[in-house]
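Only one structure is covered here, and it is reproduced in the block below.
In this text, all values refer to a predicted model and were calculated from it rather than measured experimentally.
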Amino acid sequence: MGNFNPISQRGQNFTIEKIDSGKLVSKLSAASVTYDTTKRKWTAFNYVIRNIKRNGDILIKGKQIDTTLNKIQPDDFSRDPSFVGTMTSRELDNYIKLLKLQGSDELKLFLIEKYRRFANPFAVFILTLIGVSLSSRKIRGGIGMNIGIGLGLSFSYILFYNSLHSSALRAILARCWQCGSQISFIL
């Protein structure tokens, strides 16, 4: 779907494909679709259905058709990516599976969140070990230098973490960002 308005329950440039055994069997394209909340059905406007057969394609055109796309709900198109922070890990895994089935472009965003949740405890552990090792050193001039070094390391970690997180969201380092933040901190 090109775009979707959750208030009017209307979408533009809608396409859905039916695939059987890895082969495209049918394709429904519509200029616009509307979701009827009372009937719980989608209505496609100015549609073209392309049925692919061995001896050729069959095109069916029309102005309006009711569809029975029961598995696709309006919430699937209008979710705010910021809600991912409120999901439990199990809900996040289930939602990632759903996005994989749908072939969504937002899949990377949710995978990054999953990897971040996995990597953060290790990062906290590493930062704690560094902090303990810095604070356990007794030097003659006081602890001011140790506190300064600790703050500098913490600041650089946060800087690298946020910059790598932003890069991963832009899909520059999407596959390796979760370990990159720890590696950059250690270097």
Fill in: Considering all heavy atoms, the nearest Ser32-Arg10 contact
OG-NH2, 3.2 Å
Worksheet item: In chain order, what residues pass the salt bridge (charged side-chain N to carboxylate O under 4.0 Å, His left out) check against Asp36, with sequence neighbours excluded?
Response: none
Worksheet item: salt bridge (charged side-chain N to carboxylate O under 4.0 Å, His left out): which pairs involve residues 52-61, sequence neighbours left out?
Response: Arg50-Asp57
Worksheet item: Going by the salt bridge (charged side-chain N to carboxylate O under 4.0 Å, His left out) test, which pairs reach into residues 21-33, not counting sequence neighbours?
Response: Glu17-Lys27
Fill in: Common cluster, Phe14/Ile60, ILVMFWY with side-chain heavy-atom separation under 4.5 Å
yes
Worksheet item: CD1 of Ile65 to OG1 of Thr43: how many Å apart, nearest 0.5 Å?
Response: 9.5 Å
Item to complete: Tell me, please, which residues at least two apart from Lys18 pass salt bridge (charged side-chain N to carboxylate O under 4.0 Å, His left out).
Response: none
Worksheet item: Knowing that exactly one of Ile49, Ile52, Ile58 qualifies, which makes a side-chain contact (heavy atoms from CB on, under 4.5 Å) with Ser26?
Response: Ile49
Worksheet item: If two hydrophobic side chains count as joined below 4.5 Å and joins carry through other members, does Val48 share a cluster with Ile16?
Response: no
Worksheet item: Of all residues at least two apart in sequence or in a different chain, which pass the side-chain contact (heavy atoms from CB on, under 4.5 Å) check with Thr88?
Response: Arg90, Glu91
Worksheet, complete the sentence: Residues passing the ring pair (Phe, Tyr, Trp, His ring centres under 6.0 Å) test with Phe45, sequence neighbours excluded, are none
Fill in: Within one Ile-Leu-Val-Met-Phe-Trp-Tyr cluster: Ile96 and Leu98, side-chain cutoff 4.5 Å
yes
Worksheet item: Which of parallel (below 30°), tilted (30 to 60°) and perpendicular (above 60°) describes Tyr95 and Phe110?
Response: perpendicular
Item to complete: Taking all heavy atoms of Tyr47 and all of Ala44, pick out the closest pair and write down the distance.
Response: CD2-O, 4.1 Å
Worksheet item: Can Lys63 and Asn46 be said to form a side-chain contact (heavy atoms from CB on, under 4.5 Å), step by step?
Response: CA-CA 4 Å; Lys63 294 282 184 196; Asn46 297 327; 3.7 Å; yes
